[in-house]
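Here the structure comes first, spelled out in structure tokens, and everything after it is commentary.
Each chain gets a letter, A, B and so on, in the order its sequence line appears, and its residues count up from 1.
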Amino acid sequence: MEDMKLIVAPSPHIRDTDRTEKIMFSVLIALLPVLVASIYLFRWDAVRLVLLSAGAAVATEAIFQRLRNKPITIGDGSALVTGVLLGLIVPPSLPSWMIIIGSAFAVAIGKQVFGGLGHNPFNPALVGRAFLTASFAVAMTNWTAPFDAISAATPLALGAARSNIPNLFFGTVAGSLGETSAVAILIGGIYLFYKGALDYRIPVGILGTVVAMSLLTGQDPVFHLLAGSVLFGAVFMATDPVTSPITVGGRWIFGIGIGLIIMLIRIWGSYPDGVTFAILLMNAATPLLNRWTRPRIYGQGVKASE
Amino acid sequence: MMNLFVILLSALLVNNFVLVRFLGICPFMGVSKQVDSAIGMGLATTFVMVVASAATWLIQWFLLEPFGLPFLQNMAFILVIASMVQLVEMFLHKTSPGLYRAMGIFLPLITTNCAILGLAIMAVQGNYSFIETVVFALGGGLGFTLALILLAGIREDLEFADIPKPLQGAGIAFIIAGLLSLAFSGFAGLV
């Protein structure tokens with residue numbers, strides 16, 4: 001008995017190698033097909049906006065933490081992911097200085113003022129986009145056709161009857177840089193799911209609700225799935241682990257709520273697309289969902305039988 | 001029926017009293033530290049809104065208008081609201097002393113919640129019928145409650161967050177409120 005070492009340690013007893021860096025790196029790899037598609041479709045505008053956005057995000061994080069005399073954590077890749085995401089959800093014609101301001105706002109006000117990664121209540125990239133939409137409404141809705149930078153209307157503005165589904169699937173339509181190509185987003189999403197970095201409940205909740213609402217209101221469900229930001233938002237934005245609920249029930253409610261608000265805004269609202277607002281609104285409800293869907297502890301909360 | 005639904009949705013989301021019209025900011029900031037007291041505050045305010053707007057509607061159309069006294073509107077309305085708040089205060093003091101203490105000074109201050117007076121006056125300006133006024137008040141009150149518990153949930157989660165010193169407390173609450181307001185702007189044009 002004397003030579004046996006019995007170690008008493010608190011839980012967790014099973015550990016794996018997942019770290020923030022690793023998950024952020026998976027997200028960046030999952031974004032590669034989207035990035036390639038956006039560069040193929042929108043050429044130099046995609047390169048310019050994504051690089052500027054990513055650079056501004058990382059620089060803002062470093063400057064903010066330097067000013068607060070805190071350890072600089074740009075190495076964890078979360079600011080880089082925020083920057084790349086924001087770069088992919090803006091129109092290709094957005095001026096360079098606007099994307100820099102938006103990206104700096106996303107990281108500074110969307111994340112760092114709350115104490116950095118893990119405390120931000122809202123998805124930082126979407127905070128940046130909502131801020132840009134509110135501040136520069138014209139520039140944020142100035143859509144151009146892929147391949148040649150001439151003005152064009154987005155599928156959501158044209159409507160289902162005048163849109164070609166295969167074009168929507170491959171992304172050869174006007175829209176935000178990374179959001180037009182459904183096939184690239186799906187490849188990225190499948191990779192994330194395979195890596196375990198994506199919980200299927202949230203995207204399934206969103207997409208299922210969008211399909212159900214389209215059928216209920218007599219619209220084309222395939223069009224509503226492929227047009228606008230629904231797929232990109234469902235795969236890359238709503239699944240952000242910081243700003244989505246941690247409970248199973250909470251995740252279903254979160255996804256379904258996003259789907260409902262998207263369709264509410266698309267059908268009756270004045271904005272053509274409501275994905276950004278829908279996800280931000282459900283981000284705001286996340287603390288409450290976590291609180292009210294807490295699983296019952298085994299053996300508690302049941303009346304003892306005589 | 002559709003008309004009533006539109007009024008309810010408008011007061012609840014599209015023209016949310018706190019996040020879109022920016023009325024009632026003081027209790028919004030003051031009682032949003034904990035979800036439980038936020039729910040209590042929201043329901044108390046909703047109750048006062050519904051009862052007070054019903055009373056002010058009667059006063060406006062059966063007293064002030066027929067006797068040519070619309071200039072007394074503000075004074076009469078504030079009097080009604082104050083007495084309603086007194087009623088709620090006495091009720092809570094007796095039935096739920098914990099909640100009564102948690103709300104503290106903000107309970108009597110419901111009297112000066114501009115959202116309630118604003119709601120009563122807007123209902124008169126909008127020429128709402130009696131039923132429409134009550135539905136409008138219900139939507140406004142529930143919208144106030146919604147905004148309050150959303151903010152309270154986020155603030156509770158931030159209890160252990162490393163927020164920069166100058167922004168702790170009210171500072172970060174105003175930033176969250178601003179971002180919430182940005183999110184609510186998506187409802188524009190719904191009704």
Side-chain angles (χ1 to χ4, degrees), chain A residues 64-65 67-71 105-106 108-124 126-135 137 242-243 261-262 264-292, chain B residues 2 5-6 9-10 12-16 18-20 28 32-36 38-39 42 143 145-191:
Chain A
F64 203 106
Q65 289 175 329
L67 288 176
R68 287 189 68 197
N69 289 321
K70 298 279 173 186
F105 186 91
I109 306 294
K111 187 169 109 187
Q112 284 299 329
V113 293
F114 296 103
L117 183 68
H119 297 297
N120 47 314
F122 300 97
N123 184 319
L126 290 179
V127 167
R129 187 200 218 177
F131 166 75
L132 285 173
T133 308
S135 312
V242 176
T243 57
I261 301 172
I262 291 173
L264 202 68
I265 295 177
R266 276 196 177 176
I267 300 174
W268 292 291
S270 57
Y271 285 99
D273 205 353
V275 176
T276 307
F277 300 113
I279 298 178
L280 285 174
L281 286 164
M282 291 311 286
N283 283 163
T286 294
L288 296 175
L289 288 178
N290 279 336
R291 186 190 169 94
W292 288 332
Chain B
M2 199 58 208
F5 182 70
V6 167
L9 202 65
S10 159
L12 182 67
L13 300 175
V14 185
N15 294 312
N16 187 291
V18 185
L19 295 172
V20 180
F28 183 59
S32 56
K33 288 195 190 76
Q34 282 181 328
V35 175
D36 289 329
I39 295 174
T145 312
L146 177 70
L148 199 60
I149 59 173
L150 285 179
L151 181 63
I154 295 173
R155 284 181 80 172
E156 251 185 45
D157 263 21
L158 287 175
E159 203 159 316
F160 299 107
D162 176 29
I163 295 164
K165 239 201 170 91
L167 290 176
Q168 280 170 11
I172 199 75
F174 271 105
I175 290 178
I176 303 166
L179 294 177
L180 270 177
S181 175
L182 201 58
F184 264 70
S185 72
F187 288 122
L190 260 192
V191 287

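- Interface check for chain A: of the options B:A152, B:G153, B:A161, the most heavy-atom pairs under 4.5 Å are formed by B:A161.
- No salt bridge links A:R291 with B:D157; every basic N to acidic carboxylate O contact stays at or beyond 4.0 Å.
- Neither the backbone nor the side chain of A:I279 comes within less than 4.5 Å of any heavy atom in chain B.
- Heavy atoms closer than 4.5 Å to chain A are found in the side chain of B:L167, but not in its backbone.
- Contact of B:Q168 with chain A is not made at all, since no heavy-atom distance falls under 4.5 Å.
- Looking at A:F114, both its backbone and its side chain come within 4.5 Å of chain B, counting heavy atoms on both sides.
- When the candidates A:A285, A:A278, A:G116, A:A284 are compared by the number of heavy-atom contacts under 4.5 Å with chain B, A:A284 comes out ahead.
- Not less than 6.0 angstrom separates the ring centroid of B:F187 from the ring centroid of A:F277.
- Both the backbone and the side chain of B:L150 come within less than 4.5 Å of a heavy atom of chain A.
- For B:I175, the part sitting under 4.5 Å from any heavy atom of chain A is the side chain, from C-beta outward, and nothing else.
- Under the 4.5 Å side-chain criterion, counting only non-hydrogen atoms from C-beta, B:D162 is in contact with A:K70.
- A donor-acceptor contact closer than 3.5 angstrom is absent between the side chains of A:T243 and A:N123.
- Looking at B:F160, only its backbone comes within 4.5 Å of chain A, counting heavy atoms on both sides.
- A:F131 and A:F105 have parallel rings, their planes meeting at less than 30° on a 0 to 90° scale where 60° marks the start of perpendicular.
- Using a 4.5 Å cut-off between heavy atoms, A:A134 contacts chain B through its side chain alone, with no backbone atom that close.
- Side-chain atoms of A:V242 and A:L117, non-hydrogen and from C-beta on, do get closer than 4.5 Å to each other.
- At least one side-chain heavy atom of A:L280 sits under 4.5 Å from a side-chain heavy atom of A:N283.
- Contacts of B:L146 with chain A are absent, with no heavy-atom separation under 4.5 Å from either backbone or side chain.
- Residues A:V113 and B:I163 form no side-chain contact, since every pair of their non-hydrogen atoms from C-beta on lies 4.5 Å or further apart.
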